[in-house]
S.K.: 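If you scroll down you'll find the structure; I have some questions about it.
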2 protein chains.
Amino acid sequence: MPNNQFKKGELYSFITGKASTAIARRLQKKFNAAGLNITIEQWSVLYHLWKQEGISQQELCNATFRDKPSITRLVDNLEKLNLVKRVASESDRRINLIYLTKQAQKLQEETMALADETLNEALITVPADKVDICKEVLQVVYDNLK
Amino acid sequence: MPNNQFKKGELYSFITGKASTAIARRLQKKFNAAGLNITIEQWSVLYHLWKQEGISQQELCNATFRDKPSITRLVDNLEKLNLVKRVASESDRRINLIYLTKQAQKLQEETMALADETLNEALITVPADKVDICKEVLQVVYDNLK
DNA sequence: GGCATATAGTTGTTTGTGCAACTATCCAAA
DNA sequence: TTTGGATAGTTGCACAAACAACTATATGCC
């Protein structure tokens, strides 16, 4: 059995993503404690818009690994919070380009600091070379399945 | 900066759990293709009941890393599907003990085979020692944050 | 016994996800 | 130029998660 390192007791946490769930919950609590009224999912959309704004919803789907209805509703909620604006593309009227508001631009520094802090807490006892291997394995898993 | 190996471009996938999301989606598709009418979340509850049935909802909360309302509703849905039964404890009437039906017992072998298959597909190109390190890191992350 | 407190489970609300079905727009080929 | 297929986005539905507020039962202490 090639690469079947998963005995029954170990299989569960890999599939359910216990570790990433724990990281996301911790970060959400930090957002709440800081009075930041956004969800992790909304933050993950903003994260990509901070790298490049004015992209389409479809590009956000690809970047965040979500389907179109999920992005439609996340953008709906981000618009309600006055964090993004939909702007119809002039060259292709099917497309919405998504832009950040000034309010959203202000969130970047604080939320990224909280995210760094969360990962440092998660990995405080883990040597750097093991973290690198872990990141590498997770990337390969994603590439193998996407 | 101790253990801060996360540059911006890498931070995202760790927090959002891209890899475990991809694994869960692949497994869900296998369930659907096999005509198994259950969700990954329902399966994760059955998974623990196959190891030991007759445990309380609270014990299922601890085992599955979910809160009480989540388990209430998962057990609701599993009961509707005739896969589990709530049985009131005789010694403590606050407690529901959860038992598998015959129908659920039949699902174990087939679903576990599909889960093994999914993990093999995910890890087919990854050497065993790297998988071990990855599992270890994820466990430490979970322990650091729980 | 009676009361305070803790524990087990449920319900309501908001948010997010996956799938299917739908509309609108674009584009390319007959 | 029309028509058929592809693409972008939206909506409806079922399921799930987090949080708060709630009921019922148990337990410990006076």
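Note that the structure is a prediction, hence the values are computed from the model and not measured. Proteins come first, then strands; the chains are lettered A, B, ... in the order of their sequence lines, and each starts at number 1.
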S.K.: Between dG16(C), dA20(D), dA16(D), which nucleotide gets closest to the side-chain atoms of Asn77(B)?
M.R.: dA16(D)

S.K.: Is it the case that the side chain of Arg26(B) and the backbone of Thr118(B) share a donor-acceptor pair, with hydrogens and angles ignored and the cut-off at 3.5 Å?
M.R.: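 Side chain of Arg26(B) to backbone of Thr118(B): no pair is present.
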
S.K.: Just to be sure I understand the rule, does Leu74(B) reach a base, reach only the sugar-phosphate, or reach nothing, if contact means heavy atoms closer than 4.0 Å?
M.R.: sugar-phosphate

S.K.: Does Gln42(B) reach a base, just sugar-phosphate, or nothing at all? Heavy atoms under 4.0 Å.
M.R.: sugar-phosphate

S.K.: May I ask you to evaluate whether Gln57(B) reaches the phosphate of dT10(C), defined as a side-chain N or O under 4.0 Å from OP1 or OP2?
M.R.: yes

S.K.: Write down the distance between CZ (Arg86(A)) and C1' (dA8(D)), rounded to a whole number of angstrom.
M.R.: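 Taking CZ of Arg86(A) and C1' of dA8(D), I get 12 Å after rounding.
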
S.K.: Report the distance from atom CD1 of Ile95(B) to atom P of dA24(D), rounded to the nearest whole Å.
M.R.: 18 Å

S.K.: Taking all non-hydrogen atoms of both residues, which atom of Ala88(A) and which atom of Asn96(A) are closest, and how far apart?
M.R.: CA-OD1, 4.5 Å

S.K.: For Glu41(B) and for Gln58(A), find the nucleotide of DNA chain D with the closest heavy atom, then tell me which residue's nucleotide is more 5'.
M.R.: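 So the residue in question is Gln58(A).
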
S.K.: Is a donor-acceptor contact shorter than 3.5 angstrom present between the side chain of Arg26(B) and the base of dG18(C)?
M.R.: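 Answer is no: no donor-acceptor pair is held.
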
S.K.: By nearest atom, which of the nucleotides dA6(C), dG9(D), dA6(D) is closest to the Arg94(B) side chain?
M.R.: dA6(C)

S.K.: Rounding to a whole Å, what distance do you find between Leu27(B):CG and dG18(C):C1'?
M.R.: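 Checked: the CG to C1' distance equals 15 Å.
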
S.K.: For Asn37(B) and dC15(D), what is the distance between atoms CG and C1' respectively, to the nearest whole Å?
M.R.: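 Distance, rounded to whole Å: 12 Å.
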
S.K.: Check whether any side-chain N or O of Thr72(B) sits under 4.0 Å from OP1 or OP2 of dT11(C), and answer yes or no.
M.R.: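 The answer is no; no side-chain N or O of Thr72(B) sits under 4.0 Å from OP1 or OP2.
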
S.K.: Output the rounded distance in Å from CG (Leu83(B)) to C1' (dC15(D)).
M.R.: 15 Å

S.K.: Output yes when at least one side-chain N/O atom of Asn96(A) is less than 4.0 Å from OP1 or OP2 of dA8(D), else no.
M.R.: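 Asn96(A) to dA8(D) OP1/OP2: no side-chain N or O under 4.0 Å.
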
S.K.: Contact between Leu81(B) and Gln42(B) at the side-chain level, heavy atoms closer than 4.5 Å - yes or no?
M.R.: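 The answer is yes, as the side chains (C-beta and beyond) meet within the 4.5 Å cut-off.
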
S.K.: Could you list who else is in Phe65(B)'s hydrophobic cluster, with ILVMFWY side chains joined at under 4.5 Å, directly or through other members?
M.R.: Tyr142(B)

S.K.: Mind checking Asp67(B) for me? I need base, sugar-phosphate or nothing, with any heavy atom below 4.0 Å counting as a touch.
M.R.: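 If one applies the 4.0 Å heavy-atom cut-off, Asp67(B) turns out to touch a base.
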
S.K.: Would you say the side chains of Ser44(A) and Arg66(A) form a donor-acceptor pair under 3.5 Å?
M.R.: yes

S.K.: Has the side chain of Arg66(B) got a donor or acceptor atom sitting under 3.5 Å from an opposite partner on the base of dG9(C)?
M.R.: no

S.K.: So Arg93(A), base contact, sugar-phosphate only, or nothing? Heavy-atom distance under 4.0 Å.
M.R.: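 If one applies the 4.0 Å heavy-atom cut-off, Arg93(A) turns out to touch the sugar-phosphate alone, with no base involved.
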
S.K.: Rounded to whole Å, how long is the line connecting atom CZ of Arg25(B) with atom C1' of dC15(D)?
M.R.: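 Whole-Å distance recorded here is 15 Å.
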
S.K.: For DNA chain D, whose closest nucleotide is more 5', that of Ile71(B) or that of Ser91(B)?
M.R.: Ile71(B)

S.K.: Among the candidates dA18(D), dT11(D), dG9(C), find the nucleotide nearest to the side-chain atoms of Pro69(A).
M.R.: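 In terms of side-chain proximity for Pro69(A), the closest of dA18(D), dT11(D), dG9(C) is dT11(D).
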
S.K.: Below 4.0 angstrom from OP1 or OP2 of dT17(C), is there any side-chain N or O of Arg73(A)?
M.R.: no

S.K.: Write down the distance between CH2 (Trp43(A)) and P (dG16(C)), rounded to a whole number of angstrom.
M.R.: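 Roughly 15 Å, once rounded to whole Å.
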
S.K.: Classify the side-chain pair Ser70(B)/Asp67(B) by whether it contains a donor and acceptor separated by less than 3.5 Å.
M.R.: yes

S.K.: Of all the choices, dA26(D), dA8(D), dG18(C), which nucleotide is nearest to the side chain of Asp92(B) once you look at every atom?
M.R.: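 Shortest atom-to-atom distance from the side chain points to dA26(D).
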
S.K.: Nearest whole Å is fine: how far is dG9(C) C1' from Asn62(B) CG?
M.R.: 14 Å

S.K.: NA contact type, Asp76(A), heavy-atom cut-off 4.0 Å: base, sugar-phosphate, or nothing?
M.R.: nothing

